[in-house]
2 protein chains.
Amino acid sequence: MTTIKDVAKKAGVSIATVSRVINGNTNVRAQTRENVTKAIEELNYTPSAIAQGLQKKVTKTIGVIFPDASSYYFAEIIRGINRYLQKHAYQVVVSSSHDAEDEAKTFFSLVNGRQVDGVILMMPSIHNAEVINSHIRDLPAVLLNTEINTPESVTLVIDNYQGAYEATIHLVEHGHTKIGFIHGSRNNYDSEERYRGYLNALAEAGIAPDKDLETRGKFIENSGFEAARALMEQENRPTAIFAANDAMAIGAIEAAKRLSLDIPNDVAIVGFDDISTARFISPSLTTVNVPVLKIGQLAGEYLLKQLRGEAKEERDQIAVVPVNFVRRESCGCPPNHHTDGQPN
Amino acid sequence: MTTIKDVAKKAGVSIATVSRVINGNTNVRAQTRENVTKAIEELNYTPSAIAQGLQKKVTKTIGVIFPDASSYYFAEIIRGINRYLQKHAYQVVVSSSHDAEDEAKTFFSLVNGRQVDGVILMMPSIHNAEVINSHIRDLPAVLLNTEINTPESVTLVIDNYQGAYEATIHLVEHGHTKIGFIHGSRNNYDSEERYRGYLNALAEAGIAPDKDLETRGKFIENSGFEAARALMEQENRPTAIFAANDAMAIGAIEAAKRLSLDIPNDVAIVGFDDISTARFISPSLTTVNVPVLKIGQLAGEYLLKQLRGEAKEERDQIAVVPVNFVRRESCGCPPNHHTDGQPN
DNA sequence: TTGAAAGCGCTAACAG
DNA sequence: CTGTTAGCGCTTTCAA
């Protein structure tokens, strides 16, 4: 293992000088710098990030904590985070967890071990958020999709409410009055917010909410299939269904097909997320596009801002990412293969 | 920040003793141990992993390098890796990259910076694999889905050949003789192996391969759509198509629908991977199930084995993960909703 | 069973 | 411009 000493010896200088050129310090004679650089290259030397970290108190790595669930959504966000942070010379350590307890444990070992300079937390479960949030203390953090916020951290949420509102109103405009809703997992922030948008749209349209038209899934296709089937096998079935995410909406489409119901004529279906399958399934799924990759990037940006100690403006404390309603076939709109856009 | 000194002072012992109880050393009087433990708890102390790492030469973190592509496949593997490694007290730092150059750079800073004890490399591009592989040296490594192998590292591949062979034979059994193939990205190991299986199956069935029935996509739906369209708009179009992965197969299904071709009567379609959509799309997609989560876990296991210095048996040097052909509707088999199984 | 001290690889004053 | 030196927080001999 080649160390700074080896380089110093080879270049005929002190380790301090080597350190200077490594860190781009200007107080080094051009010739000396060159010698050192050459030695570094010849020895194929890279400074030990560990040793640097111990000394500088920064590790140039940030932790990302997210639920251990198979999800396009999380995967893409992490990709966005990673892409941005990597560009800015940060490493990303990911850490998933199944339950709240586990989550807290992981979190502590990461944070207390001074292994990370900051964290990005994805905790869709409202409860988890509180648990961890109370322990963030002074660590730079970005919280994703929770309603929790502290003076120390910034929270990033997508405009669930607005997206759900628009989607529901659109269904109303298609003439529907019996609009079903498939909830996501219990206590999930996104699901609740989408439900809120749905309810308000109904209210605004003068439609009384009907608990019989509501059911709950777990954000996966399977559960959407079952939930939709239950909804549609009722006597008084909905003529439209708004699912809290695309995976469940796709399950609902499949359920409708199994029941030989035509989409959108017998039942219109709308989702949320705009996963790539949405555009390819038949009928194509009307949904709300969430800029997942961008969310990851934003999370990275906000965290770096905090790390740099840049003053957070009041309005930055909690940022809302706009979403985009996209009409396809499953709501009853005519097919339009030109405006579908490209995947990220 | 509370350090080992604080604990020592509080417990009235030396830092050496504190270190001993932290590391579970037995040479500590019960009473002393208790005092120290109490001090640790009261101060809510966690040893600095950084400092420990500098001293012990291990970081308890492993690096995972993979292509920066939106993919169910990679995401799930990473999830599997993370799940396993976390259970064994290892952190996972992920690092994606768009091009080979970038990849190599990231890799070096991670490895040379002594930030990781080992790496798991996913390099579907055959070229990339060589570049990096030549630099692995003595670092414990697990290579996924490449044909490269060194005495130092273990390679984990899925049985692409067998899966593709079975899928193609199945199409032949359905009576097809004009079976098209949609390649994945150029130089991709998985794609090439699946092609090999396809070719051999054809040969065995006494069917001459026809270059006009081959085309190339990029493993994403979009490209599968275009590739399939090109294939099917030909004079002498295939009556069956085998796509190198599910995403492209799904694009192909969509293309067939646009051309008003019935699946499977006008054209049968088979994919590879068994992503969750495969089971829900209509018609459901016949494909080859790849145990992604398990692959991640295996990768973790193999790496840990190396880390522990456990003797690798010869046959472990390159491990082949079996895959599973699953018949659904798109190949012409009757629907069977009971054997679909559950998603992971 | 415990403590003193050296040192992991590096940075950052402080001198010169 | 460059070298010396004192740590960063921890583990690990070596003595006691």
Side-chain angles (χ1 to χ4, degrees), chain A residues 1-40 43-61 89 91 109-117, chain B residues 1-40 43-61 89 108-117:
Chain A
M1 194 175 51
T2 112
T3 76
I4 199 173
K5 275 189 187 167
D6 302 319
V7 177
K9 188 174 298 175
K10 176 136 196 162
V13 296
S14 75
I15 61 169
T17 300
V18 177
S19 176
R20 283 184 191 107
V21 351
I22 289 170
N23 294 285
N25 195 313
T26 49
N27 304 328
V28 181
R29 192 157 51 99
Q31 182 55 250
T32 310
R33 173 182 303 280
E34 198 175 301
N35 294 157
V36 173
T37 308
K38 206 170 115 245
I40 287 175
L43 294 172
N44 193 17
Y45 165 77
T46 314
S48 157
I50 295 293
Q52 285 182 320
L54 181 58
Q55 176 64 241
K56 296 212 235 189
K57 304 288 181 223
V58 300
T59 58
K60 280 284 188 180
T61 104
Q91 306 287 354
S109 74
L110 218 55
V111 171
N112 293 336
R114 311 354 164 243
Q115 302 194 70
V116 296
D117 298 341
Chain B
M1 196 175 55
T2 111
T3 76
I4 199 174
K5 275 189 188 168
D6 302 319
V7 178
K9 186 175 300 175
K10 176 134 195 165
V13 297
S14 74
I15 61 170
T17 299
V18 176
S19 176
R20 283 182 191 111
V21 349
I22 289 170
N23 294 286
N25 194 311
T26 49
N27 304 327
V28 182
R29 191 159 49 101
Q31 182 55 249
T32 310
R33 173 181 302 280
E34 197 175 303
N35 293 157
V36 172
T37 307
K38 205 170 116 244
I40 287 176
L43 293 172
N44 194 16
Y45 165 78
T46 315
S48 157
I50 296 292
Q52 285 183 320
L54 181 58
Q55 177 66 240
K56 295 210 231 186
K57 304 290 183 219
V58 300
T59 59
K60 280 285 190 177
T61 104
F108 284 126
S109 72
L110 219 54
V111 172
N112 293 336
R114 336 289 190 279
Q115 300 194 73
V116 296
D117 298 340

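Chain naming here is simple, since letters A, B, ... match the order of the sequence lines and numbering starts at 1 in each.
Qualifying side chain to side chain donor-acceptor pair (under 3.5 Å) partners for B:K10, counting only residues two or more places apart in sequence or in other chains: B:E42. Here A:I15 pairs with A:I4, A:K5, A:A8 under the side-chain contact (heavy atoms from CB on, under 4.5 Å) rule; sequence neighbours left out. Residues passing the side-chain contact (heavy atoms from CB on, under 4.5 Å) test with A:D117 are A:V58, A:T59, A:Y90, A:L307, sequence neighbours excluded. Annotation: side-chain contact (heavy atoms from CB on, under 4.5 Å) contacts of B:R33 (sequence neighbours excluded): B:V21, B:V28, B:T37. The side-chain contact (heavy atoms from CB on, under 4.5 Å) check on B:T46 picks up A:N112, with sequence neighbours excluded.
Between the NZ atom of A:K5 and the P atom of D:dT4 there is a distance of 13 Å, given to the nearest Å. Rounded to whole angstrom, the span from the NZ atom of A:K56 across to the C1' atom of C:dG9 amounts to 13 Å. The distance between atom CG of A:N35 and atom P of D:dC1, rounded to the nearest whole Å, is 15 Å. Atom CD in B:Q52 sits about 17 Å away from atom P in D:dC8, given to the nearest Å. As a whole-Å value, the separation of A:K57 NZ from D:dG9 P is 4 Å. Remark: C1' of C:dG9 and CG of A:D6 are 11 Å apart, rounded to the nearest angstrom. What separates OH of A:Y45 from P of C:dG9 is a distance of 10 Å, to the nearest Å.
Remark: side-chain polar atoms of B:N23 are not paired, donor with acceptor, to backbone N or O of B:R20 under 3.5 angstrom.
In the region residues 18-33 of chain A, proximity to DNA chain C at under 4.0 angstrom, judged on heavy atoms, holds for A:S19, A:R20, A:N23.
Using a 4.0 Å heavy-atom cutoff across all strands shown, B:I15 reaches at least one base atom of the nucleic acid.
The residue among B:S14 and A:I4 whose nearest nucleotide of DNA chain C lies closer to the 5′ end is B:S14.
Relative to the side chain of A:V13, the nucleotides C:dG9, D:dG3, D:dG9 differ in distance, and D:dG3 lies closest.
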